[in-house]
Amino acid sequence: AHAHAHAPRSSKWMHRLASMARRLEEALFRSAGSLEGYEDMATLKQRLQMLGTAWGMRARKPDALYGQQLSRAEQLARWYEEDAEQRQQQQQQQREQREQQQQQQQQHHDQQMGV
């Protein structure tokens with residue numbers, strides 16, 4: 001009976017752990033900028049540390065940070081997140097440009113073929 005008393009807590013903890021792992025994995029993927037960057041095990045520890053620092057900052061005082069001097073680690077974490085956002089935007093723009101070029105090429109081809 002004693003082991004069953006901890007089962008709901010253990011189950012809840014496992015659910016929270018799985019959710020945290022999923023969020024961490026998503027954050028690592030979003031911040032990587034490319035599949036190669038995401039899979040780069042040589043930078044994994046550094047990327048985890050930066051994410052942990054950024055998450056820790058938000059958990060402590062999300063609104064009070066703006067008026068304070070930021071430590072070097074906090075600055076790096078912010079820059080890293082900003083860079084990741086910029087890379088994502090650039091990648092989206094590049095995808096859109098490629099799609100436009102492909103559409104233009106297809107239209108040109110169709111015109112030449114008399115379609």
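Residues Ser34 and Gly37 approach most closely at OG-N, 2.9 Å, considering heavy atoms.
A search for side chain to side chain donor-acceptor pair (under 3.5 Å) contacts involving His15 returns nothing, not counting sequence neighbours. Take Glu26 and apply the side-chain contact (heavy atoms from CB on, under 4.5 Å) test, not counting sequence neighbours, and it matches Arg22, Arg30. Legend: residues meeting side chain to side chain donor-acceptor pair (under 3.5 Å) with Glu25, ordered by chain and number and at least two apart, are Tyr38. Taking Gln106 as the reference, Asp110 meet the side chain to side chain donor-acceptor pair (under 3.5 Å) condition, with sequence neighbours excluded. Applying the side-chain contact (heavy atoms from CB on, under 4.5 Å) criterion to Leu44, with sequence neighbours excluded, gives Leu28, Met41, Arg47, Leu48. Take Glu96 and apply the side chain to side chain donor-acceptor pair (under 3.5 Å) test, not counting sequence neighbours, and it matches Gln92.
Here the side chains of His109 and Gln105 are not in contact, with every heavy-atom distance at 4.5 Å or above.
In this structure, a donor-acceptor pair under 3.5 Å is present between the side chains of Gln112 and His108.
Heavy-atom neighbours of Arg16 CZ from other residues, nucleotides or ligands within 6.0 Å: at or below the threshold of 12.
The structure places CD of Gln101 at 8.5 Å from CZ of Arg98, a figure rounded to the nearest 0.5 Å.
Taking hydrophobic clusters as Ile, Leu, Val, Met, Phe, Trp and Tyr residues chained together by side-chain heavy-atom distances below 4.5 Å, Phe29 shares a cluster with Leu51.
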